[in-house]
2 protein chains.
Amino acid sequence: MPRRSDATRTAILDAARERFASDGYERATIRAIARDARIDPSMVMRYYGSKEGLFAAAVSVDLKLPDLAPLPRDEVGHALVTHFLGMWEDSEVLTALLRVGVTNQAGAERMQGIFRDQLLPVAGTVCPDPEQVPARAALCASQLLGLALARYVLRFPPAVALTREEAVAWLGPTVQRYLTAPHP
Amino acid sequence: MPRRSDATRTAILDAARERFASDGYERATIRAIARDARIDPSMVMRYYGSKEGLFAAAVSVDLKLPDLAPLPRDEVGHALVTHFLGMWEDSEVLTALLRVGVTNQAGAERMQGIFRDQLLPVAGTVCPDPEQVPARAALCASQLLGLALARYVLRFPPAVALTREEAVAWLGPTVQRYLTAPHP
DNA sequence: CCGGAATGTCAACGCTTGTTGGCCTACGCT
DNA sequence: AGCGTAGGCCAACAAGCGTTGACATTCCGG
């Protein structure tokens, strides 16, 4: 059932996502988040218990990875990169998660969980040898996260300047190879 | 001329590198660094002026990238990845820089500078079209940093489990293609 | 229309942080 | 030997943090 305070709760979560994305965990203060949401800091505590609780509530990631199985084998790389870049530009959650994951143990573990629960299964449907799935999925993750890092977080100018189509054209074959090519 | 306090100074820098690498900028406190170096926090201020000054002094990166020009064209990828992974495992400086670069504007700018001053020139010597050098170098950086991220920072288990040889065998062709293959 | 629960504000707490200035010590030069 | 200076420690500061509990307000079911 909907609560009267739902507007406030989502305002807090929105502000939290924004702050975590732009400042990282430590510098995203509860006070600043509360100021953005135009409420008192103590409300954040009341609704989410602690700063960690707020982070857990604000940053929940569903990559919504598409089912690659029905696709022609030589298009999975293209499809995965396209989808991933779209997700990244759709919201700030992924930026927030990466910023926090790099400096915070809990954040890193959450990213490990997303990798394990969301990318690994999808990779399993297109990799030839089941035994190689984890390594191949990790290689995909490294390339996808690496581009996100250079483009959305570190903002290397040439990485920012790439159009999404160019990025897909370059990364697609890489991811494709990591997933389906024979072990080198 | 050597100063009497050089031992202390390097002890501070060593401790700072370690703390920045494992904790990131905000959680690496001057007090903790001073404790590690077995001196008073005020000494850090005396010698390096501020926390930012300490970071600038502690984290100076020379990737020592090899000259790729004399190499056979089809070995540059392999060589670059091998060298990069070696640098990463040699010291904690790169981990520190990445951890800080992700949450700190000054850190991000320093990484941009390293990319521009160290990777770009080397890429220029092996890329066919000078106009494509920045984009190609950025793609290389994305893959190299991405693996470092997954392996040394986020510690995705399959990325950690890769031997260095396996990592080189997988990433080598990717970097090779980013540098020398025709634009897709 | 009234009373309790939900919503929100205010002020303060204990703690940690970067940073500062004063003081003591001990080396090294003449 | 004596003195200046560099090395080092101690105590404190103001600011900011997460967090807490007491108090005001608003809503809604009886």
Side-chain angles (χ1 to χ4, degrees), chain A residues 1-59 96 99-107 110, chain B residues 1-59 96 99-107 110:
Chain A
M1 69 171 187
R3 282 160 298 195
R4 189 156 41 103
S5 61
D6 279 354
T8 303
R9 294 178 121 94
T10 68
I12 293 175
L13 290 186
D14 286 347
R17 268 186 283 268
E18 202 164 325
R19 285 283 177 177
F20 282 134
S22 66
D23 295 346
Y25 188 81
E26 339 286 335
R27 303 202 325 195
T29 68
I30 288 194
R31 288 166 142 91
I33 292 168
R35 208 177 314 130
D36 292 354
R38 289 176 220 284
I39 43 94
D40 191 88
S42 63
M43 297 301 293
V44 178
M45 304 301 297
R46 187 188 283 275
Y47 289 146
Y48 299 102
S50 70
K51 188 177 180 179
E52 285 207 25
L54 173 63
F55 176 75
V59 179
R99 278 227 159 85
V100 174
V102 166
T103 41
N104 193 277
Q105 182 59 24
R110 182 174 294 227
Chain B
M1 71 173 187
R3 281 161 298 196
R4 190 154 43 101
S5 60
D6 280 354
T8 303
R9 293 178 122 94
T10 66
I12 293 175
L13 291 187
D14 287 346
R17 269 186 282 270
E18 202 164 325
R19 285 284 178 177
F20 282 133
S22 66
D23 295 347
Y25 188 80
E26 338 287 334
R27 302 201 326 195
T29 68
I30 289 196
R31 287 168 144 93
I33 292 168
R35 208 178 312 128
D36 291 353
R38 287 175 223 285
I39 42 97
D40 190 88
S42 63
M43 299 300 295
V44 178
M45 304 302 297
R46 185 190 284 259
Y47 290 146
Y48 299 102
S50 68
K51 188 177 181 180
E52 286 207 26
L54 172 63
F55 176 73
V59 178
R99 278 226 159 86
V100 174
V102 166
T103 41
N104 192 277
Q105 181 58 26
R110 180 173 293 229

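Within 4.0 Å (heavy atoms only), S42(A) reaches at least one base atom of the nucleic acid. Within 4.0 Å of Y47(B), counting heavy atoms only, lie sugar-phosphate atoms of the nucleic acid but no base atom.
Between I12(B) atom CD1 and dG7(D) atom C1' the separation is 11 Å, expressed in whole Å. Residue I33(A) contributes atom CD1, which lies 11 Å from atom P of dC17(D) at whole-angstrom precision. Atom CZ of R27(A) and atom C1' of dG16(D) are 14 Å apart (whole Å). Remark: C1' of dC27(C) and CZ of R4(B) are 5 Å apart, rounded to the nearest angstrom.
Listed candidates were dC9(D), dG7(D), dT7(C). Nearest to the side chain of I39(B) is dC9(D). Looking at the side chain of M45(A), the nearest of the listed nucleotides dT20(D), dG7(D), dG8(C) is dT20(D). With dT17(C), dC9(D), dA6(C) as the choices, the nucleotide that has an atom nearest any side-chain atom of R46(B) turns out to be dC9(D). Residue K51(A) places its side chain closer to dG18(D) than to any other of dC27(C), dG18(D), dG8(C). Here the side chain of M43(A) is nearest to one of dG28(C), dT9(C), dT19(C), namely dT9(C).
Side-chain contact between Y47(B) and L54(B): absent, with no pair of heavy atoms (C-beta onward) separated by less than 4.5 Å.
Using cut-offs of 30° and 60° on the angle between ring planes, the pair Y25(A) and F55(A) is perpendicular.
Judged purely by atom type and a 3.5 angstrom limit, R17(B) uses its side chain to pair as donor or acceptor with the backbone of A58(B). Looking only at distances, a side-chain donor or acceptor of T29(B) sits under 3.5 Å from a matching main-chain atom of A32(B). In this structure a side-chain-to-backbone donor-acceptor pair under 3.5 Å is present from S50(A) to G53(A).
Mapping E26(A) and R31(B) onto DNA chain D via the closest heavy atom, the residue that lands nearer the 5' end is R31(B).
At least one side-chain nitrogen or oxygen of T29(A) sits closer than 4.0 Å to the OP1 or OP2 atom of dC17(D). Residue T8(A) places at least one side-chain N or O closer than 4.0 Å to OP1 or OP2 of dG8(C).
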